[in-house]
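The chain is numbered in sequence order, starting from 1. Only heavy atoms go into these numbers, but all of them, side chains included; no hydrogens, no water, no symmetry mates. Every number for a ligand or one of its atoms is a count from 1 in the order of the listing.
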Amino acid sequence: MKLKCLKKSDLKLYKDIKEEEKRQAEGMELIASENYASQSVLEAMGTVLTNKYSEGYPGKRYYAGNEIIDKVENLAIDRAKKLFGAQHANVQLFSGAPANMCAYFSLLKEGDKILSMNLAHGGHLSHGSPVNFSGKWFRFHFYGVDKKTQMLDYEAIEKLAKKIRPKMILTGYTAYPRIIDFKRFRKIADRVGAYLMVDMAHIAGLIAAKVHPNPIPYADIITSTTHKTLRGPRGAIILCKKKYAKQVDKTVFPMIQAGPHDHITAAKAVCFGEALKPSFRQYARQVVKNAKILADELIKKYGFDLVSGGTDTHLILIDLKNKKINAKKFVQALDMAGISTNKNMVPYDTGTPFDPSGLRIGTPAITTRGMKEQEMKQIASWINQVADNIDNKKELIKIKKAVKTLCQKFPVPGV
Ligand SMILES: *Cc1c(COP(=O)(O)O)cnc(C)c1O
């Protein structure tokens with residue numbers, strides 16, 4: 001980006017941003033929750049829409065001068081509804097965690113029981129962690145994946161639901177590489193009279209592109225970030241059935257949020273517009289195809305142990321125990337080689353969140369850059385080389401140079 005004024009007025013910050021642009025352009029981004037927003041999304045965020053106050057909703061604002069903001073927000077709402085086939089959309093949510101807060105408070109009361117996924121098996125911090133608002137305000141009970149298959153065991157979840165009798169069942173995860181059967185979850189929820197909530201933050205782009213089943217026919221309420229596979233600005237949305245529309249809107253404003261971020265709403269509209277195009281379907285298909293190739297290479301060629309034995313999505317979770325590699329050290333070594341990843345708990349981990357046994361990687365960002373099969377094979381080989389040279393600085397720097405050379409052939413939008 002040009003940033004002409006910023007360069008003149010605040011050289012120090014300008015340099016920091018340029019440095020980050022360089023880091024993003026030269027490095028291999030394998031963090032599964034990250035992506036590159038398009039130039040159009042970036043442009044919409046950097047507009048005078050940031051100047052406006054517009055508490056309320058289109059047609060019912062508490063401030064004057066919102067005729068144009070109303071058009072922008074309605075466009076974002078209409079596109080979100082069309083993209084997912086939803087009856088109602090709220091596009092004002094600041095981010096994924098606050099969106100979950102709004103979802104819980106729309107349908108539940110403090111202290112109600114929620115059945116969600118064990119955080120060590122792929123659940124998110126905002127799904128009941130004791131250090132998070134969710135775990136402090138609601139009574140969470142947890143299901144996990146099957147010990148042997150490392151996949152969801154719907155029979156076991158149903159049994160647990162019958163025992164716990166939760167007010168809400170929550171599905172949608174942050175580190176689960178497999179397809180989720182929303183229809184089956186609906187059945188379980190109906191059997192115990194619970195609401196079904198889906199947090200599709202990680203897989204929203206795959207759902208929009210129809211490469212993962214859509215939860216809309218089954219869920220009472222759905223939350224999603226807009227900045228992960230969906231490739232929009234940082235932010236979130238809530239989708240719900242019409243009968244919950246009023247409750248949801250009232251919880252977002254005035255209960256939890258105040259003035260919406262209209263420049264971000266505009267960028268969300270751009271993102272949904274992009275996701276409605278056939279090119280986005282192609283993109284999402286390639287994301288999954290790339291993840292499958294990468295997973296295959298890691299397993300068959302290099303002997304890595306993948307949680308659940310592979311992937312159906314954008315995400316791969318590597319269990320490093322068989323390789324006797326420390327995840328923390330591995331992440332650092334990969335970083336030195338120009339490859340960004342994150343350490344992660346694996347199901348039934350004997351480690352801690354700060355010192356876990358897994359490595360999580362994903363293909364959304366590198367696929368946006370245009371990388372395909374050949375590059376996936378190269379990346380798998382580098383991951384293996386880093387594993388073999390975890391303490392060999394010289395070798396890691398050599399890999400970093402090769403990573404940079406490859407990355408420079410695949411431009412990052414906005415740089
Ligand atoms: C990323 C994520 C969130 C949180 O989103 P933030 O925008 O970081 O608050 C919530 N739920 C799931 C499943 C996620 O993966």
Suppose I only count heavy atoms of [X] and a 4.0 Å limit; which atoms of ligand 1 are within that range?
X    : result
D199 : 10 (C), 11 (N), 12 (C), 13 (C)
H227 : 7 (O)
K228 : 1 (C), 2 (C), 3 (C), 14 (C), 15 (O)
Y173 : 13 (C)

Would you find a donor on one side and an acceptor on the other, under 3.5 Å apart, between the side chain of [X] and the backbone of [Y]?
X    : Y    : result
Y154 : D181 : yes
H263 : K52  : no
D112 : K167 : no

Here's one to test your reading of the geometry: is the NZ or CZ of [X] within 45 degrees of the ring axis of [Y] and under 6.0 Å from its centre?
X    : Y    : result
K343 : F354 : yes
R231 : Y283 : yes
K323 : F304 : yes

Can you find an N/O atom of [X] closer than 3.5 Å to an N/O atom of ligand 1?
X    : value
T225 : no
G96  : yes
S126 : no

Open item on the list: Set out, in order, the CA-CA distance, both residues' side-chain angles and the distance that settles salt bridge (Lys or Arg N to Asp or Glu O under 4.0 Å) for K187 and E158, then state yes or no.
Closed with: CA-CA 9 Å; K187 266 197 197 145; E158 180 165 337; over 6 Å; no
Open item on the list: Counting only heavy atoms closer than 4.0 Å, does ligand 1 sit against the backbone of A97, its side chain, both, or neither?
Closed with: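 The part of A97 near ligand 1 is both the backbone and the side chain.
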Open item on the list: Please classify the R234 to ligand 1 contact at 4.0 Å (heavy-atom distances, strictly less than): side chain, backbone, both or neither.
Closed with: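 Neither part.
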Open item on the list: To check your reading of the model: name the closest protein heavy atom to atom 7 (O) of ligand 1, its residue, and the distance in Å.
Closed with: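 Nearest protein contact, heavy atoms only, for atom 7 (O) of ligand 1 is S95 OG, 2.5 Å.
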